[in-house]
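Data first, discussion second: the structure below is written as structure tokens.
Within every chain, numbering begins at 1; the chains are lettered A, B, ... in the order of the sequence lines, protein sequences first and strands thereafter. Values below: every heavy atom of this structure, side chains too, minus hydrogens, waters and symmetry copies.
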There are 2 protein chains.
Amino acid sequence: MPPKTHQRTRSDHASEVAEDYVEAIADAIAQRGVCRAVDLVSHFAVTHATVNNTVARLQRDGLVTTLPYQPIELTATGKRLAAQSRKRHAIVQSFLERLGVSAQTAAIDSEGMEHHVSKETLNAMKRVLEQGWPSDGEST
Amino acid sequence: MPPKTHQRTRSDHASEVAEDYVEAIADAIAQRGVCRAVDLVSHFAVTHATVNNTVARLQRDGLVTTLPYQPIELTATGKRLAAQSRKRHAIVQSFLERLGVSAQTAAIDSEGMEHHVSKETLNAMKRVLEQGWPSDGEST
DNA sequence: CCAGAAACTTAGCCCGGGCTAACTATTGGC
DNA sequence: GCCAATAGTTAGCCCGGGCTAAGTTTCTGG
Ligand SMILES: [Mn+2]
Ligand SMILES: [Mn+2]
Ligand SMILES: [Mn+2]
Ligand SMILES: [Mn+2]
């Protein structure tokens, strides 16, 4: 029972940074029209050098395109991943708020949790948001 | 709003392996009386070399004690962390099941999610397990 | 009792994702 | 139009957490 479990967690982590980056890049483009490295530096609270390395990996993996001193753009694949990640993130975050957790905490916790939420769990959360809590003997 | 958020996720990850290891070590001791490296190898689906490295880090950090070819033992600190981690894990896993997620999926997803669940969120989950869903009345 | 199996160790490698420091390019305010 | 501030790049470092391969120790059952 345990082995597969931990393998899944490790593989979730392998795609985590990519998911958060494309999401942030898409948001920056939506809000400011363009995404510059400096936007990611402040969003993730890492250094310029780190952003550079990471963006290079994303480019290697076909998620973004960028040229020296130019804004960062998303490939079609990158856009798809961004849209998907944003949706999942929003559901997890809203779900936590629905649970009664403060918006602040929901924002923080969902940032990590989102990457470990399977389709099945995501659907369960979506169901709650759309149809309320699972029936479980109401009272009061 | 974003910066702190991602810093928290990164710090969660920094303690994740330690938490999972002490939990697994405590379980092995509870079940087999003793924890050998080979137990961790199969539990985490990693190689013996990896377990060795990791256990050395845990020892460096004061969570376990071990001598060559001897079983792995938990320090007082390690035992405390194990107990705490096991409790948190159980709550997250049970919560997912309560949500209607299959036991299989709950086991997998909770393994990653647990490390990102704050006190506040954990309390919200515990409340559901003990007192049912937040009253929100409306439905159907 | 002892040989082979199982468990463990060690060395050396890899990649991701952080960092600092030093440099270069772009840009915009004067 | 220039120059300082801002943005971006590059080199070189670190650690965590994986791996393989090769050797060593311990245990066990025949
Ligand atoms: Mn996200
Ligand atoms: Mn995230
Ligand atoms: Mn875990
Ligand atoms: Mn995680």
Q: Answer yes or no: is there a side-chain heavy-atom contact under 4.5 Å between A:His115 and B:Thr9?
A: no

(Q) Does D:dG17 have its OP1 or OP2 closer than 4.0 Å to a side-chain nitrogen or oxygen of B:Thr54? (A) no

Q. Side chain of A:Gln59, backbone of A:Thr66: donor and acceptor closer than 3.5 Å?
A. yes

Q: Could you check how far CG of A:Leu40 sits from P of D:dA7, rounded to whole Å?
A: 13 Å

Close N or O pairs between protein and nucleotides 4-7 of chain C (under 3.5 Å):
none

(Q) Classify B:Val17 by what it touches in the nucleic acid, base, sugar-phosphate, or nothing, heavy-atom distance under 4.0 Å. (A) sugar-phosphate

Q.
Side-chain N or O of A:Arg57 versus OP1/OP2 of C:dG17: is the shortest distance under 4.0 Å?
A. yes

(Q) When you measure from the side chain of A:Asn123 to the backbone of A:Glu120, do you find a donor-acceptor pair of N or O atoms at a distance under 3.5 Å? (A) no

Q: Quickly work out the B:Phe44 CZ to D:dG16 P distance and round it to whole Å.
A: 17 Å

Q: Report the residue (B:Asp39 or A:Val46) whose heavy-atom-nearest nucleotide on DNA chain C is the more 5′ of the two.
A: B:Asp39

**Q.** Gap between atoms CD and P, on B:Glu16 and D:dG18 respectively (whole Å)
**A.** 9 Å

Q.
I'd like to check A:Asp109 versus A:Val101 (side-chain heavy atoms, cut-off strictly below 4.5 Å). Are they in contact?
A. no

Q: Please check the phosphate of C:dC8 (OP1 and OP2 only) for any side-chain N or O of B:Asn52 closer than 4.0 Å.
A: no

Q: Specify the residue among A:Pro71 and A:Asn53 whose closest nucleotide of DNA chain D lies further upstream toward the 5′ end.
A: A:Pro71

Q: Find which nucleotide of DNA chain C each of B:Gln70 and A:Tyr21 is nearest to by heavy atoms, and output the residue with the more 5' nucleotide.
A: B:Gln70

**Q.** Under 3.5 Å: donor-acceptor pair, side chain of A:Arg8, backbone of A:His116
**A.** yes

Q.
Whole angstroms only, please: what is the CG-P distance between A:Leu67 and C:dT24?
A. 21 Å

(Q) Between B:Thr50 and D:dG17, is there a contact of a side-chain N or O with OP1 or OP2 at under 4.0 Å? (A) no

**Q.** d(CG, B:Asp12; P, D:dG16) in whole Å
**A.** 17 Å

Q.
Check the phosphate of C:dG16 against A:Arg10, side-chain N and O only, distance under 4.0 Å to OP1 or OP2. Yes or no?
A. no

Q.
So does B:Leu81 get a backbone contact from the side chain of B:Ser85, meaning a donor-acceptor N/O pair under 3.5 Å?
A. yes

**Q.** Distance-only polar pair, side chains of B:Ser110 and B:His89, donor-acceptor under 3.5 Å
**A.** yes

